[in-house]
Protein chains: 2
Amino acid sequence: MSNPALARCRHQTRTVVPLDCARCAVRDLAVCASLPAPEVESLERYASSMELQANAELARSGQPCRQAYSVTGGMLRLVRTLPDARRQVVGFATPGTFVGLSEVAVHRHSIEAVVPSRVCVFDLDMLRDLRNRYPAFEHTLLERACRELDDAHDSMLLLARLSPMERLASFLLRLRRQMKVRDDEPTMALPMGRGDIADHLGLTVETVSRSFTRLREQGVIALPDPQHVELLDRAALAELATVLH
Amino acid sequence: MSNPALARCRHQTRTVVPLDCARCAVRDLAVCASLPAPEVESLERYASSMELQANAELARSGQPCRQAYSVTGGMLRLVRTLPDARRQVVGFATPGTFVGLSEVAVHRHSIEAVVPSRVCVFDLDMLRDLRNRYPAFEHTLLERACRELDDAHDSMLLLARLSPMERLASFLLRLRRQMKVRDDEPTMALPMGRGDIADHLGLTVETVSRSFTRLREQGVIALPDPQHVELLDRAALAELATVLH
DNA sequence: CGAGGTCTTGAGCTAAATCAAGGTTAGTGG
DNA sequence: CCACTAACCTTGATTTAGCTCAAGACCTCG
(Lines give C-alpha, C1' and ligand atoms only; values in the text may rest on other atoms or scores of the structure.)
Protein backbone atom coordinates (compact mmCIF):
# COMPACT_ATOMS: atom_id res chain seq x y z
CA MET A 1 0.00 0.00 0.00
CA SER A 2 2.90 2.38 0.70
CA ASN A 3 4.83 3.70 -2.23
CA PRO A 4 8.40 2.39 -2.52
CA ALA A 5 9.00 4.55 -5.59
CA LEU A 6 8.50 7.57 -3.39
CA ALA A 7 11.28 6.63 -1.02
CA ARG A 8 13.60 5.83 -3.89
CA CYS A 9 13.73 9.15 -5.69
CA ARG A 10 14.26 11.59 -2.89
CA HIS A 11 16.91 13.91 -4.27
CA GLN A 12 16.69 16.19 -7.25
CA THR A 13 13.02 15.52 -7.75
CA ARG A 14 12.05 19.17 -7.74
CA THR A 15 13.63 21.80 -9.97
CA VAL A 16 12.86 25.50 -9.77
CA VAL A 17 12.53 27.15 -13.14
CA PRO A 18 11.77 30.78 -14.09
CA LEU A 19 8.15 31.78 -14.46
CA ASP A 20 6.89 32.75 -17.89
CA CYS A 21 3.23 33.70 -17.54
CA ALA A 22 2.99 35.04 -21.08
CA ARG A 23 3.55 31.55 -22.44
CA CYS A 24 1.58 29.77 -19.72
CA ALA A 25 -0.39 26.87 -21.16
CA VAL A 26 -3.21 27.22 -18.65
CA ARG A 27 -3.42 31.00 -18.59
CA ASP A 28 -7.18 31.07 -18.98
CA LEU A 29 -7.89 28.05 -16.81
CA ALA A 30 -5.81 29.03 -13.82
CA VAL A 31 -6.76 31.33 -10.98
CA CYS A 32 -4.43 33.93 -12.46
CA ALA A 33 -7.11 34.65 -15.06
CA SER A 34 -8.99 36.62 -12.42
CA LEU A 35 -6.05 38.95 -11.80
CA PRO A 36 -5.45 42.09 -13.88
CA ALA A 37 -2.79 41.71 -16.57
CA PRO A 38 -0.13 43.94 -14.99
CA GLU A 39 -0.46 42.06 -11.74
CA VAL A 40 0.12 38.77 -13.49
CA GLU A 41 3.30 40.18 -14.94
CA SER A 42 4.53 41.22 -11.52
CA LEU A 43 3.94 37.65 -10.36
CA GLU A 44 6.95 36.66 -12.37
CA ARG A 45 9.12 38.58 -9.97
CA TYR A 46 7.73 37.07 -6.78
CA ALA A 47 6.46 33.67 -7.75
CA SER A 48 8.35 30.79 -9.30
CA SER A 49 7.62 27.68 -11.24
CA MET A 50 8.67 24.16 -10.34
CA GLU A 51 9.22 20.98 -12.28
CA LEU A 52 8.52 17.71 -10.54
CA GLN A 53 9.63 14.22 -11.40
CA ALA A 54 7.10 11.44 -11.18
CA ASN A 55 6.35 10.61 -7.52
CA ALA A 56 8.08 13.77 -6.27
CA GLU A 57 6.57 15.15 -3.08
CA LEU A 58 5.42 18.75 -3.23
CA ALA A 59 4.13 18.89 0.33
CA ARG A 60 4.04 16.38 3.12
CA SER A 61 1.20 15.65 5.48
CA GLY A 62 1.97 17.18 8.87
CA GLN A 63 4.30 19.88 7.59
CA PRO A 64 3.33 23.52 8.07
CA CYS A 65 1.54 25.07 5.08
CA ARG A 66 3.71 27.68 3.40
CA GLN A 67 2.72 27.65 -0.23
CA ALA A 68 -0.11 26.96 -2.58
CA TYR A 69 0.22 25.72 -6.11
CA SER A 70 -1.34 26.17 -9.50
CA VAL A 71 -0.88 23.09 -11.64
CA THR A 72 0.35 23.91 -15.14
CA GLY A 73 1.31 20.47 -16.40
CA GLY A 74 1.14 16.79 -15.54
CA MET A 75 -0.96 15.50 -12.66
CA LEU A 76 -0.78 15.61 -8.88
CA ARG A 77 -2.45 13.47 -6.27
CA LEU A 78 -3.59 14.59 -2.82
CA VAL A 79 -3.03 11.78 -0.37
CA ARG A 80 -4.21 11.32 3.18
CA THR A 81 -2.44 8.47 4.96
CA LEU A 82 -3.10 6.78 8.31
CA PRO A 83 -0.27 5.64 10.59
CA ASP A 84 -0.94 2.01 9.58
CA ALA A 85 -0.54 2.94 5.90
CA ARG A 86 -4.18 2.92 4.97
CA ARG A 87 -4.34 5.46 2.19
CA GLN A 88 -6.96 7.72 0.67
CA VAL A 89 -6.28 9.59 -2.55
CA VAL A 90 -8.53 12.54 -1.88
CA GLY A 91 -8.25 13.80 -5.43
CA PHE A 92 -6.19 14.26 -8.56
CA ALA A 93 -5.15 17.72 -9.72
CA THR A 94 -4.93 18.46 -13.44
CA PRO A 95 -3.56 21.57 -15.17
CA GLY A 96 -5.56 24.64 -14.18
CA THR A 97 -6.27 23.31 -10.69
CA PHE A 98 -5.30 25.34 -7.67
CA VAL A 99 -4.20 23.29 -4.67
CA GLY A 100 -2.98 23.96 -1.17
CA LEU A 101 -5.49 26.50 0.08
CA SER A 102 -6.50 25.57 3.58
CA GLU A 103 -7.63 27.04 6.85
CA VAL A 104 -5.40 24.88 8.99
CA ALA A 105 -1.74 25.55 9.65
CA VAL A 106 -0.47 22.07 8.77
CA HIS A 107 -1.01 20.01 5.67
CA ARG A 108 -3.65 17.34 6.13
CA HIS A 109 -2.54 15.49 3.04
CA SER A 110 0.63 15.21 1.07
CA ILE A 111 0.79 16.39 -2.51
CA GLU A 112 2.67 14.18 -4.94
CA ALA A 113 3.29 14.12 -8.67
CA VAL A 114 1.63 11.22 -10.45
CA VAL A 115 3.67 11.84 -13.60
CA PRO A 116 6.33 14.46 -14.37
CA SER A 117 4.53 17.71 -13.60
CA ARG A 118 4.89 21.44 -13.38
CA VAL A 119 3.36 23.90 -10.92
CA CYS A 120 3.43 27.62 -10.16
CA VAL A 121 4.26 28.32 -6.55
CA PHE A 122 2.44 30.97 -4.50
CA ASP A 123 3.77 31.86 -1.09
CA LEU A 124 0.86 32.03 1.32
CA ASP A 125 1.57 35.61 2.37
CA MET A 126 1.71 36.71 -1.24
CA LEU A 127 -1.55 34.89 -1.74
CA ARG A 128 -3.10 36.66 1.23
CA ASP A 129 -2.02 39.94 -0.25
CA LEU A 130 -3.51 39.12 -3.64
CA ARG A 131 -6.77 38.04 -2.03
CA ASN A 132 -7.00 41.31 -0.14
CA ARG A 133 -6.24 43.47 -3.12
CA TYR A 134 -8.36 41.74 -5.71
CA PRO A 135 -11.92 40.79 -4.74
CA ALA A 136 -12.28 39.02 -8.09
CA PHE A 137 -9.42 36.75 -7.10
CA GLU A 138 -10.96 35.88 -3.77
CA HIS A 139 -14.26 35.38 -5.54
CA THR A 140 -12.68 32.88 -7.91
CA LEU A 141 -11.12 31.00 -5.04
CA LEU A 142 -14.49 30.72 -3.30
CA GLU A 143 -16.11 29.60 -6.52
CA ARG A 144 -13.51 26.88 -6.91
CA ALA A 145 -13.79 25.84 -3.28
CA CYS A 146 -17.55 25.42 -3.69
CA ARG A 147 -17.07 23.26 -6.76
CA GLU A 148 -14.52 21.14 -4.97
CA LEU A 149 -16.90 20.76 -2.07
CA ASP A 150 -19.62 19.54 -4.40
CA ASP A 151 -17.13 17.10 -5.86
CA ALA A 152 -16.13 15.90 -2.43
CA HIS A 153 -19.78 15.26 -1.60
CA ASP A 154 -20.07 13.22 -4.77
CA SER A 155 -17.06 11.23 -3.68
CA MET A 156 -18.63 10.65 -0.29
CA LEU A 157 -21.72 9.12 -1.85
CA LEU A 158 -19.52 7.08 -4.16
CA LEU A 159 -17.41 5.74 -1.30
CA ALA A 160 -20.35 5.12 0.99
CA ARG A 161 -22.86 3.53 -1.32
CA LEU A 162 -21.63 2.53 -4.76
CA SER A 163 -20.52 -0.89 -5.94
CA PRO A 164 -16.98 -1.31 -7.31
CA MET A 165 -18.26 -1.26 -10.90
CA GLU A 166 -20.26 1.91 -10.27
CA ARG A 167 -17.28 3.53 -8.60
CA LEU A 168 -15.00 2.76 -11.49
CA ALA A 169 -17.52 3.94 -14.09
CA SER A 170 -18.05 7.22 -12.18
CA PHE A 171 -14.32 7.63 -11.85
CA LEU A 172 -13.66 7.17 -15.55
CA LEU A 173 -16.31 9.68 -16.57
CA ARG A 174 -15.25 12.18 -13.96
CA LEU A 175 -11.58 11.89 -14.86
CA ARG A 176 -12.43 12.26 -18.51
CA ARG A 177 -14.24 15.50 -17.80
CA GLN A 178 -11.45 16.73 -15.56
CA MET A 179 -8.83 16.03 -18.21
CA LYS A 180 -11.01 17.76 -20.81
CA VAL A 181 -10.87 14.93 -23.32
CA ARG A 182 -12.72 15.92 -26.48
CA ASP A 183 -16.08 14.21 -26.95
CA ASP A 184 -15.10 12.69 -30.29
CA GLU A 185 -11.97 11.18 -28.78
CA PRO A 186 -12.82 7.71 -27.46
CA THR A 187 -9.46 6.97 -25.86
CA MET A 188 -8.16 8.52 -22.68
CA ALA A 189 -4.98 8.11 -20.70
CA LEU A 190 -4.92 6.85 -17.11
CA PRO A 191 -1.80 8.55 -15.79
CA MET A 192 -2.13 7.02 -12.33
CA GLY A 193 -1.53 3.40 -11.39
CA ARG A 194 -4.10 0.88 -10.21
CA GLY A 195 -3.00 1.43 -6.63
CA ASP A 196 -3.84 5.12 -6.79
CA ILE A 197 -7.21 4.35 -8.36
CA ALA A 198 -7.89 1.79 -5.64
CA ASP A 199 -6.98 4.24 -2.89
CA HIS A 200 -9.12 6.87 -4.55
CA LEU A 201 -12.17 4.61 -4.81
CA GLY A 202 -11.82 2.90 -1.45
CA LEU A 203 -11.09 -0.50 -2.99
CA THR A 204 -8.13 -2.85 -3.31
CA VAL A 205 -5.92 -3.09 -6.39
CA GLU A 206 -7.36 -6.52 -7.05
CA THR A 207 -10.97 -5.37 -7.16
CA VAL A 208 -10.05 -2.40 -9.34
CA SER A 209 -8.28 -4.72 -11.74
CA ARG A 210 -11.17 -7.16 -11.75
CA SER A 211 -13.64 -4.36 -12.34
CA PHE A 212 -11.62 -3.16 -15.31
CA THR A 213 -11.64 -6.66 -16.78
CA ARG A 214 -15.37 -7.01 -16.22
CA LEU A 215 -16.05 -3.71 -17.99
CA ARG A 216 -13.86 -4.94 -20.80
CA GLU A 217 -15.61 -8.33 -20.96
CA GLN A 218 -18.96 -6.55 -21.09
CA GLY A 219 -17.74 -4.54 -24.06
CA VAL A 220 -18.12 -1.24 -22.24
CA ILE A 221 -14.46 -0.34 -22.54
CA ALA A 222 -11.30 -1.53 -24.23
CA LEU A 223 -7.87 -1.55 -22.62
CA PRO A 224 -5.18 -1.16 -25.30
CA ASP A 225 -2.72 -1.17 -22.40
CA PRO A 226 -3.11 -0.71 -18.65
CA GLN A 227 -2.61 3.05 -18.95
CA HIS A 228 -5.23 3.68 -21.63
CA VAL A 229 -8.99 3.17 -21.78
CA GLU A 230 -11.16 3.37 -24.81
CA LEU A 231 -14.83 4.04 -24.17
CA LEU A 232 -16.90 1.75 -26.35
CA ASP A 233 -20.33 2.04 -24.75
CA ARG A 234 -20.76 5.39 -23.03
CA ALA A 235 -24.45 4.85 -22.37
CA ALA A 236 -23.66 1.74 -20.36
CA LEU A 237 -20.93 3.57 -18.52
CA ALA A 238 -23.21 6.51 -17.72
CA GLU A 239 -25.88 4.07 -16.58
CA LEU A 240 -23.46 2.60 -14.07
CA ALA A 241 -22.25 6.00 -12.93
CA THR A 242 -25.48 7.23 -11.44
CA VAL A 243 -23.68 9.73 -9.26
CA LEU A 244 -22.43 12.12 -11.88
CA HIS A 245 -25.06 14.12 -13.66
CA MET B 1 -33.91 3.43 3.87
CA SER B 2 -36.34 6.18 2.73
CA ASN B 3 -37.94 8.33 5.36
CA PRO B 4 -41.67 7.78 5.86
CA ALA B 5 -41.81 10.54 8.46
CA LEU B 6 -40.84 12.97 5.76
CA ALA B 7 -43.81 12.15 3.60
CA ARG B 8 -46.13 12.36 6.56
CA CYS B 9 -45.60 15.93 7.66
CA ARG B 10 -45.77 17.81 4.42
CA HIS B 11 -47.98 20.78 5.29
CA GLN B 12 -47.33 23.53 7.76
CA THR B 13 -43.85 22.31 8.46
CA ARG B 14 -42.20 25.64 7.81
CA THR B 15 -43.23 28.88 9.47
CA VAL B 16 -41.82 32.28 8.59
CA VAL B 17 -41.13 34.44 11.63
CA PRO B 18 -39.70 37.95 11.88
CA LEU B 19 -35.95 38.35 12.13
CA ASP B 20 -34.47 39.68 15.36
CA CYS B 21 -30.71 39.86 14.89
CA ALA B 22 -30.16 41.74 18.14
CA ARG B 23 -31.31 38.74 20.12
CA CYS B 24 -29.76 36.17 17.79
CA ALA B 25 -28.31 33.27 19.75
CA VAL B 26 -25.53 32.63 17.28
CA ARG B 27 -24.65 36.21 16.51
CA ASP B 28 -20.92 35.67 16.97
CA LEU B 29 -20.82 32.23 15.39
CA ALA B 30 -22.74 33.01 12.24
CA VAL B 31 -21.43 34.54 9.04
CA CYS B 32 -23.21 37.75 9.98
CA ALA B 33 -20.41 38.42 12.45
CA SER B 34 -18.25 39.51 9.53
CA LEU B 35 -20.72 42.19 8.45
CA PRO B 36 -20.69 45.70 9.91
CA ALA B 37 -23.33 46.32 12.59
CA PRO B 38 -25.57 48.68 10.60
CA GLU B 39 -25.66 46.21 7.74
CA VAL B 40 -26.80 43.47 10.07
CA GLU B 41 -29.64 45.66 11.18
CA SER B 42 -30.71 46.27 7.61
CA LEU B 43 -30.81 42.51 7.13
CA GLU B 44 -33.92 42.46 9.23
CA ARG B 45 -35.76 44.28 6.48
CA TYR B 46 -34.69 41.98 3.65
CA ALA B 47 -34.07 38.63 5.25
CA SER B 48 -36.41 36.49 7.26
CA SER B 49 -36.24 33.69 9.74
CA MET B 50 -37.93 30.32 9.49
CA GLU B 51 -39.01 27.71 11.98
CA LEU B 52 -38.95 24.11 10.88
CA GLN B 53 -40.68 21.08 12.34
CA ALA B 54 -38.69 17.91 12.67
CA ASN B 55 -38.17 16.30 9.24
CA ALA B 56 -39.32 19.43 7.41
CA GLU B 57 -37.66 19.91 4.04
CA LEU B 58 -35.87 23.21 3.53
CA ALA B 59 -34.63 22.45 0.03
CA ARG B 60 -35.05 19.50 -2.25
CA SER B 61 -32.45 17.85 -4.40
CA GLY B 62 -33.01 18.85 -8.02
CA GLN B 63 -34.76 22.13 -7.28
CA PRO B 64 -33.13 25.38 -8.41
CA CYS B 65 -31.04 27.09 -5.73
CA ARG B 66 -32.67 30.32 -4.60
CA GLN B 67 -31.63 30.77 -1.00
CA ALA B 68 -28.93 30.01 1.48
CA TYR B 69 -29.42 29.51 5.18
CA SER B 70 -27.74 30.28 8.44
CA VAL B 71 -28.72 27.79 11.12
CA THR B 72 -29.72 29.44 14.39
CA GLY B 73 -31.24 26.52 16.24
CA GLY B 74 -31.77 22.78 16.07
CA MET B 75 -30.00 20.64 13.51
CA LEU B 76 -30.22 20.08 9.77
CA ARG B 77 -29.03 17.23 7.60
CA LEU B 78 -27.78 17.47 4.03
CA VAL B 79 -28.88 14.41 2.12
CA ARG B 80 -27.88 13.10 -1.27
CA THR B 81 -30.17 10.35 -2.53
CA LEU B 82 -29.89 8.00 -5.50
CA PRO B 83 -32.93 6.98 -7.58
CA ASP B 84 -32.91 3.56 -5.92
CA ALA B 85 -33.06 5.17 -2.47
CA ARG B 86 -29.46 4.69 -1.48
CA ARG B 87 -28.81 7.62 0.79
CA GLN B 88 -25.79 9.59 1.90
CA VAL B 89 -26.05 12.11 4.70
CA VAL B 90 -23.31 14.43 3.56
CA GLY B 91 -23.28 16.34 6.81
CA PHE B 92 -25.16 17.73 9.77
CA ALA B 93 -25.53 21.47 10.26
CA THR B 94 -25.55 22.90 13.77
CA PRO B 95 -26.29 26.48 14.90
CA GLY B 96 -23.80 28.89 13.38
CA THR B 97 -23.41 26.84 10.22
CA PHE B 98 -24.05 28.42 6.86
CA VAL B 99 -25.55 26.10 4.26
CA GLY B 100 -26.68 26.33 0.69
CA LEU B 101 -23.78 28.10 -0.97
CA SER B 102 -23.01 26.38 -4.23
CA GLU B 103 -21.70 27.01 -7.68
CA VAL B 104 -24.32 24.93 -9.42
CA ALA B 105 -27.79 26.16 -10.23
CA VAL B 106 -29.60 23.13 -8.85
CA HIS B 107 -29.48 21.64 -5.38
CA ARG B 108 -27.38 18.50 -5.28
CA HIS B 109 -28.76 17.47 -1.93
CA SER B 110 -31.89 18.12 0.02
CA ILE B 111 -31.76 19.95 3.33
CA GLU B 112 -33.97 18.62 6.10
CA ALA B 113 -34.51 19.36 9.76
CA VAL B 114 -33.37 16.57 12.08
CA VAL B 115 -35.20 18.12 15.03
CA PRO B 116 -37.33 21.27 15.27
CA SER B 117 -34.98 23.94 13.94
CA ARG B 118 -34.65 27.57 13.03
CA VAL B 119 -32.75 29.21 10.18
CA CYS B 120 -32.15 32.67 8.76
CA VAL B 121 -32.92 32.85 5.07
CA PHE B 122 -30.68 34.70 2.59
CA ASP B 123 -31.88 35.18 -0.94
CA LEU B 124 -29.04 34.37 -3.29
CA ASP B 125 -29.11 37.77 -4.99
CA MET B 126 -28.97 39.52 -1.63
CA LEU B 127 -26.08 37.26 -0.78
CA ARG B 128 -24.28 38.14 -3.99
CA ASP B 129 -24.73 41.79 -3.15
CA LEU B 130 -23.35 41.34 0.36
CA ARG B 131 -20.39 39.41 -0.98
CA ASN B 132 -19.59 42.16 -3.44
CA ARG B 133 -19.89 44.94 -0.90
CA TYR B 134 -18.07 43.35 2.00
CA PRO B 135 -14.77 41.61 1.27
CA ALA B 136 -14.67 40.45 4.89
CA PHE B 137 -17.93 38.61 4.29
CA GLU B 138 -16.63 36.87 1.20
CA HIS B 139 -13.45 36.10 3.08
CA THR B 140 -15.41 34.40 5.84
CA LEU B 141 -17.34 32.34 3.34
CA LEU B 142 -14.12 31.15 1.73
CA GLU B 143 -12.67 30.34 5.12
CA ARG B 144 -15.70 28.26 5.96
CA ALA B 145 -15.69 26.56 2.59
CA CYS B 146 -12.06 25.55 3.13
CA ARG B 147 -12.87 24.09 6.52
CA GLU B 148 -15.80 22.19 5.12
CA LEU B 149 -13.58 20.87 2.37
CA ASP B 150 -11.10 19.60 4.93
CA ASP B 151 -13.96 17.98 6.78
CA ALA B 152 -15.23 16.39 3.59
CA HIS B 153 -11.77 14.94 2.96
CA ASP B 154 -11.80 13.50 6.47
CA SER B 155 -15.14 11.91 5.70
CA MET B 156 -13.77 10.46 2.49
CA LEU B 157 -10.99 8.70 4.36
CA LEU B 158 -13.48 7.55 6.96
CA LEU B 159 -15.85 6.12 4.36
CA ALA B 160 -13.10 4.58 2.27
CA ARG B 161 -10.90 2.98 4.87
CA LEU B 162 -12.21 2.88 8.44
CA SER B 163 -13.92 -0.01 10.20
CA PRO B 164 -17.44 0.50 11.57
CA MET B 165 -16.10 0.97 15.11
CA GLU B 166 -13.58 3.54 13.93
CA ARG B 167 -16.23 5.35 11.94
CA LEU B 168 -18.56 5.54 14.90
CA ALA B 169 -15.83 6.71 17.26
CA SER B 170 -14.74 9.42 14.80
CA PHE B 171 -18.33 10.45 14.35
CA LEU B 172 -19.00 10.80 18.06
CA LEU B 173 -15.91 12.93 18.64
CA ARG B 174 -16.55 15.06 15.59
CA LEU B 175 -20.18 15.62 16.47
CA ARG B 176 -19.21 16.48 20.00
CA ARG B 177 -16.84 19.16 18.75
CA GLN B 178 -19.41 20.45 16.29
CA MET B 179 -22.06 20.73 18.98
CA LYS B 180 -19.55 22.48 21.24
CA VAL B 181 -20.15 20.23 24.22
CA ARG B 182 -18.11 21.43 27.17
CA ASP B 183 -15.12 19.25 28.01
CA ASP B 184 -16.27 18.56 31.56
CA GLU B 185 -19.65 17.40 30.30
CA PRO B 186 -19.47 13.65 29.66
CA THR B 187 -22.94 13.25 28.17
CA MET B 188 -24.01 14.39 24.74
CA ALA B 189 -27.25 14.24 22.81
CA LEU B 190 -27.62 12.38 19.53
CA PRO B 191 -30.39 14.35 17.87
CA MET B 192 -30.41 12.18 14.75
CA GLY B 193 -31.68 8.61 14.48
CA ARG B 194 -29.62 5.49 13.82
CA GLY B 195 -30.68 5.57 10.19
CA ASP B 196 -29.18 9.02 9.69
CA ILE B 197 -25.98 7.95 11.39
CA ALA B 198 -25.83 4.85 9.20
CA ASP B 199 -26.34 6.88 6.04
CA HIS B 200 -23.72 9.33 7.22
CA LEU B 201 -21.13 6.64 7.94
CA GLY B 202 -21.85 4.43 4.95
CA LEU B 203 -23.16 1.55 7.07
CA THR B 204 -26.51 -0.12 7.77
CA VAL B 205 -28.65 0.63 10.81
CA GLU B 206 -27.84 -2.83 12.12
CA THR B 207 -24.09 -2.34 12.06
CA VAL B 208 -24.42 1.08 13.64
CA SER B 209 -26.52 -0.40 16.42
CA ARG B 210 -24.11 -3.29 16.91
CA SER B 211 -21.16 -0.91 17.00
CA PHE B 212 -22.87 1.15 19.69
CA THR B 213 -23.44 -1.96 21.77
CA ARG B 214 -19.86 -3.10 21.33
CA LEU B 215 -18.57 0.29 22.47
CA ARG B 216 -20.89 -0.01 25.45
CA GLU B 217 -19.77 -3.56 26.23
CA GLN B 218 -16.15 -2.42 26.08
CA GLY B 219 -16.93 0.28 28.61
CA VAL B 220 -16.00 3.08 26.21
CA ILE B 221 -19.44 4.67 26.29
CA ALA B 222 -22.71 4.39 28.14
CA LEU B 223 -26.12 4.71 26.52
CA PRO B 224 -28.64 6.05 29.05
CA ASP B 225 -31.12 5.97 26.16
CA PRO B 226 -30.71 5.66 22.37
CA GLN B 227 -30.52 9.46 21.99
CA HIS B 228 -27.79 10.06 24.56
CA VAL B 229 -24.17 8.91 24.83
CA GLU B 230 -21.95 9.27 27.82
CA LEU B 231 -18.24 9.14 27.09
CA LEU B 232 -16.58 6.94 29.71
CA ASP B 233 -13.18 6.31 28.13
CA ARG B 234 -12.20 9.14 25.83
CA ALA B 235 -8.69 7.85 25.32
CA ALA B 236 -10.06 4.60 23.92
CA LEU B 237 -12.46 6.54 21.74
CA ALA B 238 -9.70 8.82 20.44
CA GLU B 239 -7.53 5.77 19.79
CA LEU B 240 -10.23 4.32 17.58
CA ALA B 241 -10.85 7.62 15.82
CA THR B 242 -7.48 7.96 14.17
CA VAL B 243 -8.85 10.30 11.55
CA LEU B 244 -9.55 13.32 13.67
CA HIS B 245 -6.52 15.10 15.03
C1' DC C 1 -54.91 0.34 24.06
C1' DG C 2 -53.36 -0.53 19.60
C1' DA C 3 -50.35 0.76 15.66
C1' DG C 4 -46.35 2.31 13.64
C1' DG C 5 -41.78 3.53 14.25
C1' DT C 6 -37.26 2.82 16.10
C1' DC C 7 -33.70 0.24 18.12
C1' DT C 8 -31.56 -4.07 19.14
C1' DT C 9 -30.15 -8.85 18.49
C1' DG C 10 -29.56 -13.24 16.04
C1' DA C 11 -28.67 -16.33 11.88
C1' DG C 12 -27.05 -16.87 7.40
C1' DC C 13 -25.19 -15.12 3.06
C1' DT C 14 -22.37 -12.69 -0.11
C1' DA C 15 -19.39 -9.34 -2.00
C1' DA C 16 -15.08 -7.71 -1.46
C1' DA C 17 -10.73 -8.37 1.11
C1' DT C 18 -6.93 -11.28 1.70
C1' DC C 19 -3.63 -14.54 0.30
C1' DA C 20 -1.05 -16.46 -3.39
C1' DA C 21 1.08 -16.81 -7.78
C1' DG C 22 2.20 -15.92 -12.59
C1' DG C 23 2.97 -12.57 -16.53
C1' DT C 24 4.30 -8.25 -18.36
C1' DT C 25 6.86 -4.11 -18.49
C1' DA C 26 10.37 -0.82 -17.23
C1' DG C 27 14.40 0.41 -15.37
C1' DT C 28 19.40 -0.80 -13.98
C1' DG C 29 23.79 -2.36 -14.34
C1' DG C 30 27.02 -5.26 -16.20
C1' DC D 1 22.84 -4.69 -25.80
C1' DC D 2 21.09 -7.90 -22.91
C1' DA D 3 20.28 -10.03 -18.34
C1' DC D 4 18.36 -9.15 -13.93
C1' DT D 5 15.40 -7.06 -10.77
C1' DA D 6 11.53 -4.83 -9.19
C1' DA D 7 7.25 -2.76 -9.99
C1' DC D 8 2.91 -3.38 -11.67
C1' DC D 9 -1.10 -5.68 -13.30
C1' DT D 10 -3.99 -9.64 -13.61
C1' DT D 11 -6.21 -13.88 -12.17
C1' DG D 12 -7.53 -17.63 -9.00
C1' DA D 13 -8.69 -19.63 -4.30
C1' DT D 14 -10.12 -18.73 0.25
C1' DT D 15 -11.72 -16.04 4.17
C1' DT D 16 -14.40 -12.75 6.49
C1' DA D 17 -16.63 -8.47 7.71
C1' DG D 18 -20.59 -6.36 7.12
C1' DC D 19 -25.15 -6.82 4.67
C1' DT D 20 -29.60 -9.00 4.41
C1' DC D 21 -33.32 -11.13 6.38
C1' DA D 22 -36.03 -11.99 10.40
C1' DA D 23 -37.94 -11.23 14.82
C1' DG D 24 -38.66 -9.31 19.28
C1' DA D 25 -38.56 -5.20 22.64
C1' DC D 26 -39.45 -0.66 23.58
C1' DC D 27 -41.50 3.69 23.00
C1' DT D 28 -44.53 7.35 21.26
C1' DC D 29 -48.67 8.95 19.69
C1' DG D 30 -53.20 8.94 18.22
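Naming convention: chains lettered A, B, ... in sequence-line order (proteins, then strands); numbering from 1 in each chain.
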- request: Please report, rounded to the nearest Å, how far the C1' atom of dT6(C) is from the CG atom of Leu223(B).
  value: 14 Å
query: Taking atom P of dT18(C) as reference, at what distance in whole Å does atom CZ of Arg86(A) sit?
result: 10 Å
- request: Using a strict cut-off of less than 4.0 Å between a Lys/Arg side-chain nitrogen and an Asp/Glu carboxylate oxygen, indicate whether Asp20(B) and Arg23(B) qualify as a salt bridge.
  value: yes
Spacing of Arg194(B) atom CZ relative to dG5(C) atom C1', expressed in whole Å: 14 Å
- request: Decide whether Ser163(B) and Glu166(B) meet the rule of one side-chain donor and one side-chain acceptor closer than 3.5 Å.
  value: yes
message: Just N and O in the side chain of Arg216(B): are any of them under 4.0 Å from OP1 or OP2 of dT9(C)?
response: yes
statement: Here the distance between atom C1' of dG18(D) and atom CE of Met165(B), to the nearest Å, is 14 Å
query: Could you state the CD-P distance from Glu206(A) to dC8(D), rounded to the nearest angstrom?
result: 14 Å
field: Side chains of Arg174(A) and Ser155(A), donor plus acceptor under 3.5 Å
entry: yes
message: I'd like to know if Arg60(A) pairs up with Glu57(A) as an ion pair, taking the criterion as any Lys NZ or Arg NE/NH1/NH2 lying under 4.0 Å from an Asp or Glu carboxylate oxygen.
response: yes
message: Regarding Thr207(B), tell me which of base, sugar-phosphate or nothing describes its non-hydrogen contacts under 4.0 Å with the strands shown.
response: sugar-phosphate
task: Would you tell me if any nitrogen or oxygen in the side chain of Thr213(B) comes within less than 4.0 Å of OP1 or OP2 on dT9(C)?
output: yes
field: OP1 or OP2 of dA17(C) under 4.0 Å from side-chain N/O of Thr204(A)
entry: yes
- prompt: Would you say dT6(C) has OP1 or OP2 under 4.0 Å from some side-chain N or O of Gln227(B)?
  reply: no
message: Between Arg86(A) and Asp199(A), does any side-chain N to carboxylate O distance fall below 4.0 Å?
response: no
message: With hydrogens left out and only the distance checked, is there a donor-acceptor pair under 3.5 Å joining Arg210(A)'s side chain and the base of dT18(C)?
response: yes
query: dT6(C) C1' sits how many Å from Phe212(B) CZ, rounded?
result: 13 Å
task: Rounded off to whole Å, could you give me the CG-to-P distance for the Leu203(B) and dC7(C) pair?
output: 15 Å
task: Using atom CG of Leu168(A) as one end and atom P of dA16(C) as the other, report the distance to the nearest whole Å.
output: 13 Å
